[in-house]
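Each chain gets a letter, A, B and so on, in the order the sequences are listed, and its residues count up from 1. Computed from a predicted structure; not experimentally measured.
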2 protein chains.
Amino acid sequence: MSQDQSQSSYCASITADIEAHLKQSITLKPPLSVFEPMYHLVFSAPPNSAPALCVAACELVGGRRSQAIEAASALQLMHAASFTHEHLLLTDRPNSKPMVHHAYGPNIELLIPDAIVPFGCELLARSDDPAQNDSDRVLRVIVEITRAIGSRGIIGAQYQEKVISRSSRGDEANDDDDQWIDYTCRKKEDGLHACAAACGAILGGANEEEIETLRKFGLYVGMIEGYSIRIGRNGKELERVVEELRDLALKELEHLKGRKVEAISSFILGL
Amino acid sequence: MSQDQSQSSYCASITADIEAHLKQSITLKPPLSVFEPMYHLVFSAPPNSAPALCVAACELVGGRRSQAIEAASALQLMHAASFTHEHLLLTDRPNSKPMVHHAYGPNIELLIPDAIVPFGCELLARSDDPAQNDSDRVLRVIVEITRAIGSRGIIGAQYQEKVISRSSRGDEANDDDDQWIDYTCRKKEDGLHACAAACGAILGGANEEEIETLRKFGLYVGMIEGYSIRIGRNGKELERVVEELRDLALKELEHLKGRKVEAISSFILGL
């Protein structure tokens with residue numbers, strides 16, 4: 001098996017574990033009339049590597065996969081909830097592009113994410129293992145994740161994009177506008193990935209310096225993912241930007257003395 | 001000062017403290033463009049006694065007001081967020097009665113509550129005081145509150161009301177239908193009040209028996225509040241139902257041996 005294959009199978013194995021964990025957590029509870037659409041919306045959200053990055057950061061600093069699996073699952077839930085609300089059909093939202101498929105009506109696509117977010121927080125709070133004496137770490141991770149999805153994170157970016165930018169630029173605003181891409185990338189993918197990597201490090205028992213290094217690494221991973229999804233520039237320009245971000249990300253990993261960084265590198269080399 | 005006045009001033013003093021705490025928490029943070037509507041939506045939500053009940057339960061079992069103020073604030077945030085989303089104008093929601101005033105457009109009334117809920121969880125998680133060694137209590141309260149607002153609580157009830165009941169009964173369904181009142185009362189006011197009283201007891205250091213007694217007391221307080229808001233029955237019938245619920249609530253308080261129950265009684269005697 002080549003190094004590339006081994007790296008991508010590392011990501012794939014984490015993603016499979018998170019998915020299995022989420023499937024078990026979601027299907028076990030009544031009422032099924034709520035959990036069926038919840039299940040669908042969680043697993044039909046576009047791929048996002050933040051949850052897997054959380055587990056990878058935990059393992060990198062010597063933690064076990066199980067220590068980060070609830071936080072990773074919560075991140076996937078928050079990502080799916082915010083994606084659904086971002087594309088909810090509202091009377092004051094002009095048709096946005098790209099159009100997404102709506103499996104359910106607005107009523108369901110409003111209320112199910114409203115149930116997904118507290119469920120994500122519940123998963124986190126329940127992940128506390130008194131035997132491990134890690135309550136403080138879990139509480140810190142709840143603060144990290146709620147901030148990353150809240151008014152100064154993903155929702156703040158959606159608000160900026162859907163409310164403020166439209167009112168100041170008019171409804172015909174071009175979503176490819178570089179300025180807004182920069183803003184929304186920084187708050188969405190970057191913020192979620194930075195938070196994910198920091199949370200994995202916290203749960204795995206990293207020291208403060210390692211946590212901040214992995215937060216910066218996550219920031220670059222998120223930027224690469226964000227630019228790759230949104231940017232309207234030509235391929236060559238994109239290639240250059242991604243290359244610069246990769247270099248910055250790899251430089252961060254150099255600070256992690258004595259840690260095996262090959263596995264987590266796959267998040268930027270595999271893209 | 002009569003006993004009635006003293007009881008109602010107890011509730012009022014708690015409510016004022018929660019409001020002051022929330023005003024301080026919300027206005028201190030940028031971006032103001034998000035926090036101004038957040039502030040408005042939080043304070044324009046209809047009155048709900050669950051947050052004050054949380055503090056009263058904490059004080060009843062010997063805890064300090066400050067130990068429950070964050071949980072009470074979080075409950076007020078969750079109540080305001082779910083109220084706003086419950087009345088959000090969607091294309092598949094027929095005009096509901098009573099119509100509520102919409103200070104903002106659907107875009108804002110969708111996204112601000114999306115930021116309010118994680119902010120509520122953040123307040124809770126940050127309320128942990130390492131010096132008090134109460135992380136486990138705080139985590140337990142997060143689980144309690146996220147469950148009370150999630151798919152098996154308030155949002156579950158909204159889903160039942162807006163999605164399931166409409167599809168099975170048609171859009172012309174009469175909101176005064178007793179069966180649905182019972183269901184939504186049980187999940188909304190009852191659930192939030194039961195949770196609030198239990199959380200106050202947990203944070204104040206109550207034993208398990210006291211926690212469950214106060215949970216039941218909260219359930220009756222919520223039922224009284226829920227019936228009083230929704231029920232379409234005549235005054236005499238309502239009076240009888242409320243009287244029965246008051247008796248049940250007072251019976252619960254008899255289990256709390258050695259506790260001064262006068263203050264918390266105002267939640268049912270003041271109504």
Side-chain angles (χ1 to χ4, degrees), chain A residues 29-31 33-35 37-38 78 81-82 85 88-93 104-126 128 130 135-136 138-143 145-156 158-160 162-164 166, chain B residues 29-31 33-35 38 78 81-82 85-86 88-93 104-126 128 130 135-136 138-143 145-156 158-160 162-164 166:
Chain A
K29 289 181 202 72
S33 54
V34 173
F35 278 94
M38 186 186 278
M78 304 311 185
S82 79
H85 274 190
L88 188 65
L89 293 172
L90 293 175
T91 48
D92 60 348
R93 276 186 183 177
Y104 305 97
N107 236 330
I108 294 181
E109 294 197 351
L110 167 70
L111 293 174
I112 295 299
D114 277 356
I116 289 176
V117 171
F119 180 53
C121 288
E122 185 193 335
L123 276 189
L124 284 171
R126 278 198 288 130
D128 173 44
S135 306
D136 292 338
V138 171
L139 284 167
R140 187 171 170 188
V141 163
I142 294 175
V143 173
I145 293 181
T146 51
R147 280 187 184 165
I149 62 166
S151 55
R152 285 162 291 170
I154 293 179
I155 303 299
Q158 287 183 7
Y159 191 85
Q160 179 77 33
K162 303 275 184 195
V163 179
I164 298 173
R166 285 201 197 284
Chain B
K29 289 182 202 72
S33 55
V34 173
F35 278 93
M38 185 185 279
M78 304 312 186
S82 78
H85 274 191
E86 185 174 0
L88 188 65
L89 294 171
L90 294 174
T91 49
D92 61 348
R93 276 186 183 177
Y104 304 98
N107 236 330
I108 294 181
E109 294 197 350
L110 167 70
L111 293 174
I112 295 298
D114 278 356
I116 289 176
V117 171
F119 179 54
C121 288
E122 184 193 335
L123 275 189
L124 284 171
R126 278 198 287 130
D128 173 44
S135 306
D136 292 338
V138 170
L139 284 166
R140 186 169 170 190
V141 163
I142 295 175
V143 172
I145 293 182
T146 51
R147 280 188 183 164
I149 62 166
S151 55
R152 286 164 290 168
I154 293 180
I155 303 300
Q158 287 182 6
Y159 191 86
Q160 180 76 31
K162 305 274 185 196
V163 179
I164 298 173
R166 288 200 196 284

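Neither the backbone nor the side chain of B:Met78 has a heavy atom closer than 4.5 Å to any heavy atom of chain A. For a residue to count as touching a neighbouring chain, one of its non-hydrogen atoms must lie under 4.5 Å from one of that chain's; by this rule A:Leu124 does not touch chain B.
Across B:Val143, B:Ile149, B:Val138, B:Ile145, the residue that shares the most heavy-atom pairs under 4.5 angstrom with chain A is B:Val143. The greatest number of non-hydrogen atom pairs below 4.5 Å with chain B, out of A:Gly150, A:Ala125, A:Ser82, A:Pro106, is found for A:Pro106.
The shortest distance between side-chain heavy atoms of A:Ile108 and B:Tyr159 falls below 4.5 Å.
The side-chain contact (heavy atoms from CB on, under 4.5 Å) test applied to A:Arg140 returns A:Ile202, A:Glu208, A:Ile211, not counting sequence neighbours.
Considering CG of B:Leu110 and CG of A:Leu90, their distance stands at 5.5 Å, rounded to 0.5 Å.
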For residues 112-120 of chain B, tabulate all N or O donor-acceptor pairs below 3.5 Å that involve a side-chain atom, not counting sequence neighbours.
| unit_1 | atom_1 | unit_2 | atom_2 | d |
| --- | --- | --- | --- | --- |
| B:Asp114 | OD1 | A:His85 | ND1 | 3.0 |
| B:Asp114 | OD2 | A:His85 | ND1 | 2.6 |

